[in-house]
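What follows is one structure encoded as structure tokens, with my remarks underneath.
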Amino acid sequence: MKNAIKWSSIALAVAVGNGLLVSNVTAQESEGFIEGSSATLSNRTMNFNRDFRSSGAGQSKRDETATGFVLNFESGYSRGPIGLGFDTIAMLGIKLDSTSDDAGTGILPSTQGDTGPSNYSEIRGAVKANILNDTVLRYGVHLPENPVISYDDARLLPNHYSGYSVTNSTIDGLFVEAGRFDKRGDMNGTFENDSVSTWEDADKSTYLGGTYEFTDNLSASLYTSDIDDTWKRHFGGIGYSMDLAEGLTLSTDLAYYSTSDESGAGSNYDNDATSLAVTLGAGYHGFTLAAQRMDGDNGFEYDDGSIYVANSVQYLDFNAKDEKSYQARYDYDFEGLGIPGLTFMTRYIRGSDIDTTFEGVSRDTRWERDTNISYTMQAGMLEGVNVLWRNATIRQDAGIDGGDVDENRLIVSYTWDLL
């Protein structure tokens, strides 16, 4: 799901890599094929309601409810200088409520006028090799999570890519990865597309990059990618945090994308995107200010979750041509009031200076307001169950990104550790 600050460079240095739901991003000392195995079963039940606030022609509302299961098995590695293993991910989505008038939320393989099947499922796998405990080779299903190619998990089940990758962590503090994908699966489907891009008919996507952690407080990321006959994209990011006083921290995240068009005369993806976010943490409180700017011949186009800028949030990305946007955000952890597990977030983002001629709209400003309330059960039979309510209000020109929208998502989730 999109967040106000979608990434932290410091966290990225430890956690990203291939972002595999089904495999560690870096090799660990082999515990053995069986001894190192793990398996989880995750469930997510979601009601997704999107009201387009429209009195004109077309669909005015989307509203569906479904439950999904993800079984995730990750083997250990066989012992020796080259350890072998495999991973499997199985996914099942079950329709609970959908009507022909309100279908098409993206949590089910449905469209307006067609509620689709009662369930959908798929199973994917990958083989992997651990070389000298610091390099992992992988072929098969991937859930990549880096700034230039990233899977999306904003609906019921995650989407995925297929291909091969390599990760390396030989140098202390440095994580490096590269990969090439030739297939892509949607969040609400059971098949793989031969095109890896939603914008053009692209056969392959290649990426290279990594993160270096200079200190516990400072890290930097550099990535480059090429989607065949679509675009070349480069990314640079810096994350820094510092302690101002006891219980008081300041963190900054700077992100920059440069995209050059490779699609020929039919399209133009040329864009430069920059964002800066500053967060002040004060005990159980968090205060964030962010600024973002789009430059170039087009807005910022992307596939799935690969938009690591500050103002990519629940609904909008504030990525129109020439758009400038600013965000104010507040977070609170109710553990400060003796209610552990309960958290609250609210934010407001306003965009301006949209190129109305290019976008074909009459209004050059828009805004989004989001509120999240999350509670994780702390004890009893429901311990570990998380309930999340996400609300978004969007006001913008009717000709861009769906116009005015009121959106609510109610999500209940839980994960069982099977191995």
Residues which pass ring-ring contact (aromatic ring centres under 6.0 Å, His included) with [X], listed by chain and number, not counting sequence neighbours:
{"X": "Y332", "value": "H285, F334"}
{"X": "Y284", "value": "none"}
{"X": "F48", "value": "none"}

Are side-chain N/O atoms of [X] and [Y] paired as donor and acceptor at under 3.5 Å?
{"X": "Y223", "Y": "E177", "result": "yes"}
{"X": "D261", "Y": "S263", "result": "yes"}
{"X": "N386", "Y": "T376", "result": "yes"}
{"X": "T45", "Y": "T67", "result": "yes"}
{"X": "D63", "Y": "N49", "result": "yes"}
{"X": "T206", "Y": "D226", "result": "no"}
{"X": "N159", "Y": "N188", "result": "no"}
{"X": "T135", "Y": "N168", "result": "yes"}
{"X": "D304", "Y": "Y161", "result": "yes"}

Using the salt bridge (charged side-chain N to carboxylate O under 4.0 Å, His left out) criterion, which residues pair with E323? Sequence neighbours excluded. R366
Would you be so kind as to tabulate the donor-acceptor pairs closer than 3.5 Å made by side chains of residues 410-419, with sequence neighbours excluded?
from : atom 1 : to  : atom 2 : distance (Å)
T415 : OG1    : S42 : OG     : 3.0

Taking the side chain as everything from C-beta on, heavy atoms only, tell me whether [X] gets closer than 4.5 Å to [Y].
{"X": "D317", "Y": "F300", "answer": "no"}
{"X": "Y77", "Y": "V136", "answer": "yes"}
{"X": "S37", "Y": "S75", "answer": "yes"}
{"X": "N298", "Y": "D270", "answer": "no"}

Using 30° and 60° as the class boundaries, would you call the ring planes of W231 and Y269 parallel, tilted or perpendicular? perpendicular
Give the intermediate values and the outcome of side-chain contact (heavy atoms from CB on, under 4.5 Å) for residues E301 and N271. CA-CA 9 Å; E301 310 291 5; N271 173 266; over 6 Å; no
In a check of salt bridge (Lys or Arg N to Asp or Glu O under 4.0 Å) between D353 and each of K321, K324, R293, which one passes? K324
For the pair [X] and [Y], find out whether any cationic side-chain nitrogen is under 4.0 Å from an anionic carboxylate oxygen.
{"X": "D153", "Y": "R155", "value": "no"}
{"X": "D370", "Y": "R347", "value": "yes"}
{"X": "R395", "Y": "D406", "value": "yes"}
{"X": "E64", "Y": "R62", "value": "no"}
{"X": "D303", "Y": "R233", "value": "no"}

Distance, nearest 0.5 Å, that separates OH of Y207 from CD1 of I227: 12.5 Å
[X] side chain vs [Y] backbone, donor-acceptor pair below 3.5 Å:
{"X": "D404", "Y": "Q396", "answer": "yes"}
{"X": "D397", "Y": "G399", "answer": "yes"}
{"X": "E192", "Y": "K183", "answer": "no"}

List the atom of [X], the atom of [Y], and the distance in Å for their closest heavy-atom pair.
{"X": "S219", "Y": "E213", "answer": "CB-CA, 3.9 Å"}
{"X": "R138", "Y": "A126", "answer": "NH2-CB, 3.4 Å"}
{"X": "A392", "Y": "Q314", "answer": "CB-NE2, 3.5 Å"}
{"X": "S165", "Y": "H142", "answer": "OG-NE2, 2.8 Å"}
{"X": "D152", "Y": "G305", "answer": "CB-N, 4.0 Å"}
{"X": "S197", "Y": "A202", "answer": "CB-CB, 4.2 Å"}

Just jot down the side chain to side chain contact (heavy atoms under 4.5 Å, CB included) partners of F214, sequence neighbours excluded, or say none. Y212, L218, A220
Taking the ring centre of each residue, are Y257 and Y308 less than 6.0 Å apart? no
Aromatic contact, F287 with Y330 (centres under 6.0 Å): yes
For atom CD1 of I171, decide whether the heavy atoms of other residues, nucleotides or ligands shown that lie under 6.0 angstrom number more than 12. no
